[in-house]
Amino acid sequence: MSKYKALWEYVQKSGKGSFHLTFEEIQEIAGIPIDHSFLKYKKELMDYGYQVGKISMKEQTVCFHKVD
């Protein structure tokens, strides 16, 4: 089971076309802080109908996009 499964399910349930979450929000949802391994795990999100877009270190946000 992926350590980001709770986050992927949250993103899928949102139903939104595109949206941002802060690193802090991701930590609350996933129950773990976002770390460098997120780059490895992000491809799992495709199984939930979404993809990870821009990751802003400056703003500490991650953009999620629904895949058509």
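Residues: numbered from 1 along the sequence shown.
Residue V67 is found in a hydrophobic cluster whose other members, listed by chain and number, are M46; membership requires side-chain heavy atoms under 4.5 Å apart, directly or through intermediates.
In this structure, OG1 in T22 is found 9.5 Å from CD in Q27, a value given to the nearest 0.5 Å. Residue I29 holds its CD1 atom at 12.0 Å from CD of E9, rounded to the nearest 0.5 Å. Taken to the nearest 0.5 Å, the OG atom of S56 stands 7.0 Å off from the CZ atom of F23. Note that OH of Y4 is 5.5 Å distant from CD1 of I34, once rounded to the nearest 0.5 Å. Between K54 atom NZ and H20 atom NE2 the span is 7.5 Å, to the nearest 0.5 Å.
With sequence neighbours left out, F64 forms a ring-ring contact (aromatic ring centres under 6.0 Å, His included) with F19. Applying the salt bridge (Lys or Arg N to Asp or Glu O under 4.0 Å) rule to K3 yields the partners D35; only residues at least two apart in sequence or on another chain are considered.
When all heavy atoms of W8 and F38 are compared, the closest pair comes out as CH2-CE1, 3.6 Å. Of all heavy-atom pairs spanning C63 and S18, the tightest one is SG-OG, 3.8 Å. Scanning all heavy atoms of the two residues, the minimum distance from S2 to Y41 falls at OG-CD2, 3.6 Å. Between L45 and Q51 the shortest heavy-atom distance is CD2-C, 3.8 Å. Taking every heavy atom of both residues into account, K16 and Y50 meet most closely at O-OH, 2.6 Å. Of all the heavy atoms in G53 and H65, the pair that sits closest is CA-CD2, 3.7 Å.
Within 6.0 Å of atom CD in E24, 12 or fewer heavy atoms from other residues, nucleotides or ligands are found, so the atom counts as exposed in its surroundings.
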